[in-house]
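Positions are given from 1 along the sequence. In what follows, every heavy atom counts, from backbone to side chain, and hydrogens, waters and symmetry copies are set aside.
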Amino acid sequence: MKKLTSIITAVIFTLVYSSCEKETMDFEGEDAIYFAVQWGPDHGDSTVWAFQHYSPIEFMEIDRDMHEVKLRVSLLGRKKDYDRPFEFQIVPDSTTAIQGQEYKINSFQGVIKADEVYTDLIIPVFRTKDIKEVEKTIGIELLSNDYFNLSIEKWEPLHPYWSSEKHQEFNPAFHMITLSDFLSKPNIWIGMANNGVEAGIWGEFTEKKFNLICELANVTYADFENSSTMPTARAQVIREVVANHLQTLYDQGKPILEDDGRLMWVMGVSWTTTIGVPWK
């Protein structure tokens, strides 16, 4: 099928995806498949989550050693009364994860079943010691066959869907999975540095401070996911517990220092700290 214009592509995408439980539109041309992976923040309407070109898997948040990544593959075209298989492959230039180690794919084939307009590929991924130090990637590409082509060459933003992360335009026949297990600043972190001086409730995020907060307040990474799990009142209680602990150790001559030598800081202690400036 000839390349669709951006406007026609947008209209077709909107109509096809909104008709998953209905008859698809009266489509002229060859049938095509594309990745229709949507995700977004927990708040808001998930039906208008952005279509994404990648799926970030952060084992620090998942807190288990295996996770099944669901990649939706959708149909552009008509339903059929018979099953239609398709194939996909790993793209070596976009993949640093190791098959059998960080992920395991037993079959590189999927099926759009009779009278269906999508299917979900399930990709098992695993926590390993390597992803504690560096992010690993898995690039997956759909392949054309006698049933489907890949005529949609570029995804573009569509109303009313939210904006995609990182890239607004991308190839919908390709999807990237990223794997990591290192600690990153959580969604809810009430603190910052103003011109290098720590401020806010918790100050600048550091792994050392975060681990101390979890230990003293008996919380986990998941508790910092959103304002429901970490309301302001809870954040203030945590601040008070940590401030009392830091102040007590400081008064005893056993202060806790960050990796750059500055005093660890949260609101309520008797000192100020500047990032990169050692205490003594």
Side-chain angles (χ1 to χ4, degrees), residues 39-44 46 54-67 102 125-136 162 165-166 178-280:
W39 51 262
D42 290 338
H43 68 273
S46 62
Y54 79 112
S55 295
I57 308 303
E58 299 176 347
F59 279 96
M60 181 63 65
E61 293 189 22
I62 297 171
D63 198 27
R64 58 181 179 272
D65 294 336
M66 191 276 285
H67 179 72
E102 278 88 25
V125 296
F126 305 93
R127 167 184 268 150
T128 66
K129 63 180 182 180
D130 290 344
I131 63 173
K132 289 183 177 295
E133 302 297 331
V134 63
E135 181 180 81
K136 294 290 189 79
W162 294 350
E165 296 285 334
K166 295 186 178 180
T178 63
L179 307 175
S180 65
D181 192 28
F182 40 80
L183 188 63
S184 58
K185 186 166 74 172
N187 292 333
I188 300 297
W189 181 265
I190 311 174
M192 68 201 82
N194 289 327
N195 296 321
V197 179
E198 295 200 65
I201 293 178
W202 298 326
E204 186 76 356
F205 173 84
T206 69
E207 182 174 346
K208 190 172 184 179
K209 184 188 298 182
F210 183 82
N211 288 334
L212 180 65
I213 286 174
C214 291
E215 177 185 348
L216 295 177
N218 193 28
V219 292
T220 67
Y221 196 91
D223 291 310
F224 295 80
E225 177 64 26
N226 53 56
S227 57
S228 296
T229 58
M230 185 56 65
T232 302
R234 190 181 191 188
Q236 287 286 8
V237 170
I238 290 173
R239 178 206 61 76
E240 184 176 357
V241 169
V242 177
N244 288 338
H245 179 76
L246 293 176
Q247 188 69 55
T248 298
L249 292 178
Y250 177 86
D251 293 342
Q252 294 173 353
K254 300 180 291 186
I256 297 179
L257 305 180
E258 297 284 9
D259 291 340
D260 62 359
R262 73 182 190 273
L263 288 167
M264 185 177 289
W265 186 93
V266 297
M267 181 185 291
V269 296
S270 61
W271 59 87
T272 59
T273 61
T274 300
I275 294 174
V277 179
W279 174 47
K280 288 182 179 180

Please name the pair of heavy atoms, one in [X] and one in [Y], separated by the smallest distance, quoted to 0.1 Å.
| X | Y | value |
| --- | --- | --- |
| P56 | T178 | CA-OG1, 3.1 Å |
| H67 | I62 | CG-CD1, 3.8 Å |
| P278 | D260 | CG-O, 3.7 Å |
| A217 | I238 | CB-CG1, 3.8 Å |
| A193 | I275 | CB-CD1, 3.5 Å |
| R64 | F59 | O-CD2, 3.0 Å |

Check your understanding: Going by the angle between their ring planes, with limits at 30° and 60°, are F210 and F205 parallel, tilted or perpendicular?
Key ->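 If you compare the ring of F210 with that of F205, the planes turn out tilted.
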Exercise for review: For R239 and M267, indicate whether the former's side chain and the latter's backbone hold a donor-acceptor pair under 3.5 Å.
Suggested key: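 The answer is yes, because a donor-acceptor pair under 3.5 Å joins these two groups.
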What is the distance from atom [atom1] of [X] to atom [atom2] of [Y], rounded to the nearest 0.5 Å?
| X | Y | atom1 | atom2 | result |
| --- | --- | --- | --- | --- |
| N194 | E204 | CG | CD | 10.0 Å |
| E225 | N187 | CD | CG | 4.5 Å |
| L257 | L249 | CG | CG | 11.0 Å |
| E135 | E58 | CD | CD | 8.5 Å |
| W202 | M264 | CH2 | CE | 14.0 Å |
| Y54 | W39 | OH | CH2 | 4.0 Å |

[Y] and [X], any side-chain heavy atoms less than 4.5 Å apart:
| X | Y | value |
| --- | --- | --- |
| C214 | V219 | yes |
| K208 | I256 | yes |
| N211 | E215 | no |
| M230 | D223 | yes |

Practice item. Run the numbers on Q247 and D251 for side chain to side chain donor-acceptor pair (under 3.5 Å), then give the verdict. Key: CA-CA 6 Å; Q247 188 69 55; D251 293 342; 3.1 Å; yes
Check your understanding: If you look only at pairs with a residue in residues 178-197, which of them pass as a salt bridge (charged side-chain N to carboxylate O under 4.0 Å, His left out), with sequence neighbours excluded?
Key ->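 Of all non-adjacent pairs touching residues 178-197, those that pass salt bridge (charged side-chain N to carboxylate O under 4.0 Å, His left out) are R127-D181, K132-D181.
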Point to revise | Derivation of the side chain to side chain contact (heavy atoms under 4.5 Å, CB included) call for I57 and E102 | key: CA-CA 11 Å; I57 308 303; E102 278 88 25; over 6 Å; no
Review point. Counting only heavy atoms not in E133, do more than 12 sit closer than 6.0 Å to its CD atom?
Key: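 No - once you tally the heavy atoms of other residues, nucleotides and ligands closer than 6.0 Å, there are 12 at most.
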Check your understanding: What side-chain hydrogen bond (donor to acceptor under 3.5 Å, both in side chains) pairs are there with at least one residue in residues 271-280, not counting sequence neighbours?
Key ->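 Found E198-T273.
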Practice item. Tell me, please, which residues at least two apart from E258 pass salt bridge (Lys or Arg N to Asp or Glu O under 4.0 Å). Key: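 Checked E258 against salt bridge (Lys or Arg N to Asp or Glu O under 4.0 Å); zero matches.
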Review point. Are Y250 and V269 close enough, and set up right, to give a side chain to side chain contact (heavy atoms under 4.5 Å, CB included), and what steps lead you there?
Key: CA-CA 9 Å; Y250 177 86; V269 296; over 6 Å; no
Practice item. For side chain to side chain contact (heavy atoms under 4.5 Å, CB included), just list the numbers for H245 and L212, CA-CA rounded to whole Å, side-chain angles, deciding distance to a tenth of an Å, and then say yes or no. Key: CA-CA 10 Å; H245 179 76; L212 180 65; 4.1 Å; yes
